[in-house]
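The next block holds one structure in the form of C-alpha cells; read it before the comments.
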Amino acid sequence: MKNKIILTLLLILGAINYLYAGAENVTFRATAPSQVAMNQQFKLEYTITNATPSVPQPALNDFNVLSGPRVQHYDKVSSINGSYTKESGVTISYILVPKKEGVFTISPINFKNDGETVMCNAVTIKVVAAGQANSQQGGTATQNGRNISNSSATDAFVRTTYSKKSVYEKEEVVATIKLYHRGNIVQIEDIKFPEYKGCVTKDVQLNKEERPEEEVINGVKYYAHKLKQTIIYPQKSGTLDIEKGELSAIMEIQTRQSNPFDFDSFFNLNTARRVRKVIAFEGAKLEVKPLPEGKPEDFNNAVGSFKMESSISKTEAKAYDPITIKVKITGSGNIKYVKSPTFKVPTDFDVYDPKEETKINGNGGTREIDYLIIPRHAGTFEIPAATFSYFDLNTKRYNTLKTESFTLNIEKGENNVDNSQVVSNFTNKENVQILGKDIRFIDAKNTHVEKKSSDLYGTFCFWLWYIIPLILFVVLVVLYRKQIKENSNVALVKNKRANKQAKKCLKQADAYLKAGDKEHYYEEIAKALWGYTSDKLNIPMSELNKESIVSELQDCQVSEETIKDYMDILNTCEFARYAPSESETAMDDLYNQTAEVIGKLEEQVRK
C-alpha cells in the first residue's frame, strides 16, 4: 500500500514537471513582412512568451498607424516525443501603412522581467512602388505540399472620400466610405465607423441592392462597394480630426494546387479558401473656416444658396377670422437646421406657433412654414416683410431675402362680436372655433312681477329672494369680465398652457422612444424644453437662445441646480439627435430628467 502511494506521488510530480517544463523561458519576438508596397496595409506583431508585461509602443514615425495596439493573451500546451510543454504569453499587433518608399528599420523595444531586461529583434521593411511588392502577405507559401496564395493587403482596403477638404462652419460635406476588393467578400462584420465629433450629421439612405462598381486604382481593377455615406455639418471652426475606422471581412482567396499526388484535389487544381481579414482605414483632417464678420442681425446659421416665396390666404377679413401666411424656402445647404423667419405682427392679433415641414432632396430641400394669425379688432393693419439671411457659398457674402409686406383690412365680426374667446388647434391649421356666441346676458326687459298675497311679504326670506340673485349676477359679471381680460392677454394664455404643451411633447417623445426612433425622440425632448420656456417666459421662439434662457431663469429666481439640469438636457439633445449612441436606459433617464426639470420650473417660475 505504501509503495502505491509513493508511486502515485512520483507520477503526479512527473506530470507537473512535464507540463511546466520551460515555463520560465521568456522570449520576445517581432515579426513583419520584409517587403510591402505603397498604400499596402500590413501587420507588425510582437509575441511575448511566458510573460505578460507592459510593453512600450515602438517608434513608427515612417508609417501611419491604422489600428493598434491590439493585445491578445493566449495559453497552449504542446507535446513533443512525450514531453509536455505549457506556454502562455501575449501578442501585440499594429496595422500599418507606409508613408513613402525606401528601406526602414523599426528599432527594438524592451521590458523588465524579474529585474532583467528582455529585448526583441529589430525589423527591417522595404517599401516599393504600388503593385511591385512580393512580400510575405502577397507572396506564395507552401503547406503540406501545396502552393497557396496568401491574402495580400491590396486584395481589400477601405477608403473614405470627402466632397470638400476645406469648408466654412455649417457648410455641407459629404463623406463616402467604400470597400475595395478583388476577391469575393463573403461577409462583413464588426464595423467600427468613425464618429464626426463637433458636427451635426445625417446618414444618406443607401440602396442595399445596388451592385458594386468597377474602379481601376494603380492599374488594378477593384470592385467598389459603398458602405456608408454621411452628410456632415461642422459646427465650429478649426481643424476637425476625424477618427479612424475598422472592419472585419471574410474573403474567398483562390489557391493553386501544385502537388500532383494529392488525390483529394486532383481534379480541381484551382480551389478557394476563406480567410478573415481585419481592414483598417485612416482618419482625416478637415479645415473648417469661420464665417466672415458682418453677420446680419437675423442671421440664423443658414449656409448655402436659397430662394424664398411668400403668400397670404386673404387680406380682407372680419374680426376673429383666421388668416394664414405661407412662406416657402428652397435651395441647397443646411436647410433642415436653420430657423424660420419671424413676422412682426400687430399687438391686436393672436399669433400661434408656426407649422413647419421640411423635405430633403439630395444636398438641398424645401421648407414650408404656415403662420396662423387671428385679428381681434377691426381696422387697417400693416404686417412688415420678414427677412431671412444666409451665407452664400458661391459669392462668399451674406445675402438677405425678404417676403412680401401685407396690408390687412379687418371688419367687425358677426353680431359685432369683438371680445369672444378664441380657441385654436394649429395642428389642424385653420380649425378655429369661436366661443362666446352661446353665452347670453340675462334679459330683464319683459320681466313682470306680480304681487301675491302672502304672509312672506316684508320678511327676511322675502328680501333674500331678491338679494341672492343680484349678488350672483354681479359675481358672474365680474368673473366673465376677468375671463375676457385674461383671454385677451396672449402672454398670460401662453403662460397657463406652457405645462400642458410640454406634456404633449413629452408624450410624443415617449411614443418615439418605444418605436426606436432616436432622432425624433431627441427632437421632441428639445422641443418640449424650448416650447415650455417660450410660453412660460413670454419670449418668442425666434429670440430664444441659451444665454437669454439662463438670464431669464435667474431673474425669476430659479435655483442654479435646476438651471444646470435644464442646460445639460439641451446639450445632450443637441449632440445626440443625429448621431445618437445612447442606450435605451440612458434615453429613459433623459425622459424622466426632462419631466422632473419642467416640474421644478413650474414650481419656481412666477411670471
Side-chain angles (χ1 to χ4, degrees), residues 296-302 305-331 335 338-359 365-390 392 398-434 436 487-494 531 534-535 538-544:
E297 291 184 2
D298 64 332
F299 179 72
N300 286 319
N301 299 323
S305 179
F306 302 99
K307 294 180 180 180
M308 184 167 65
E309 303 173 0
S310 62
S311 62
I312 191 168
S313 59
K314 51 190 170 182
T315 56
E316 295 185 358
K318 295 181 180 181
Y320 291 101
D321 282 352
I323 300 173
T324 302
I325 300 175
K326 294 180 177 289
V327 175
K328 183 178 181 181
I329 302 174
T330 58
I335 189 170
V338 301
K339 294 181 181 179
S340 301
T342 304
F343 284 92
K344 293 182 180 180
V345 180
T347 56
D348 289 329
F349 284 67
D350 288 330
V351 182
Y352 295 85
D353 293 338
K355 178 184 177 183
E356 302 179 359
E357 183 178 3
T358 304
K359 298 178 181 179
T366 302
R367 172 176 290 191
E368 295 182 355
I369 314 108
D370 290 354
Y371 302 84
L372 177 65
I373 59 176
I374 299 177
R376 289 187 283 112
H377 300 289
T380 301
F381 302 93
E382 184 77 19
I383 299 180
T387 58
F388 175 78
S389 295
Y390 67 97
D392 194 325
Y398 293 100
N399 287 341
T400 300
L401 304 177
K402 289 186 177 182
T403 65
E404 297 179 45
S405 60
F406 303 104
T407 301
L408 304 181
N409 296 315
I410 308 300
E411 300 177 355
K412 285 189 176 182
E414 295 181 4
N415 299 327
N416 294 323
V417 175
D418 201 24
N419 284 308
S420 301
Q421 177 185 2
V422 178
V423 178
S424 169
N425 179 5
F426 194 41
T427 302
N428 296 324
K429 291 187 178 179
E430 298 181 3
N431 181 21
V432 180
Q433 180 182 5
I434 301 179
N487 289 335
S488 64
N489 187 342
V490 177
L492 183 60
V493 172
K494 288 187 176 182
S534 175
D535 291 341
N538 191 26
I539 303 175
M541 289 289 289
S542 60
E543 298 178 9
L544 270 184

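Without hydrogens or angle criteria, Arg376 side chain to Thr347 main chain gives a donor-acceptor distance under 3.5 Å. Using modelled atom types, no side-chain atom of Thr366 and backbone atom of Lys359 make a donor-acceptor pair closer than 3.5 Å. When atom types are taken as modelled, the side chain of Thr324 and the backbone of Ser313 share no donor-acceptor pair closer than 3.5 angstrom.
A distance of 11.5 Å separates CG of Leu408 from CG of Asp321, quoted to the nearest 0.5 Å. With rounding to the nearest 0.5 Å, the separation of CD1 in Ile325 from OG in Ser311 is 9.0 Å. Lys328 contributes atom NZ, which lies 16.0 Å from atom OG1 of Thr403 (distance to the nearest 0.5 angstrom). Atom OH of Tyr398 and atom CZ of Phe299 lie 5.0 Å apart (nearest 0.5 Å). The NZ atom of Lys355 sits 12.5 Å away from atom CD1 of Ile369, with the distance rounded to the nearest 0.5 Å. Expressed to the nearest 0.5 Å, how far NZ of Lys402 lies from CZ of Phe388 amounts to 15.0 Å.
Looking only at side-chain heavy atoms (C-beta outward), Thr407 and Thr380 come within less than 4.5 Å of each other. Within the 4.5 Å cutoff, the side chain of Asn300 has no heavy atoms near those of the Thr342 side chain. Within the 4.5 Å cutoff, the side chain of Glu356 has heavy atoms near those of the Arg367 side chain.
Between Ser340 and Tyr371, the closest heavy-atom pair is CB-OH, 3.8 Å. Shown here for Pro346 and Glu382, the closest heavy-atom pair between the two residues is CG-O, 3.9 Å. Residues Met308 and Pro341 approach most closely at SD-CG, 4.2 Å, considering heavy atoms. Between Phe306 and Leu401, the closest heavy-atom pair is O-CD1, 3.6 Å. The minimum heavy-atom distance linking Ser389 with Ala302 is given by the pair O-CB, 3.9 Å. When all heavy atoms of Asp298 and Thr400 are compared, the closest pair comes out as OD2-CG2, 4.4 Å.
Under the 30°/60° scheme for interplanar angles, the aromatic rings of Phe406 and Phe343 are found to be tilted.
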Evaluate Ile373 against Ile383 for side-chain contact (heavy atoms from CB on, under 4.5 Å), listing each step before the verdict. CA-CA 11 Å; Ile373 59 176; Ile383 299 180; 3.5 Å; yes

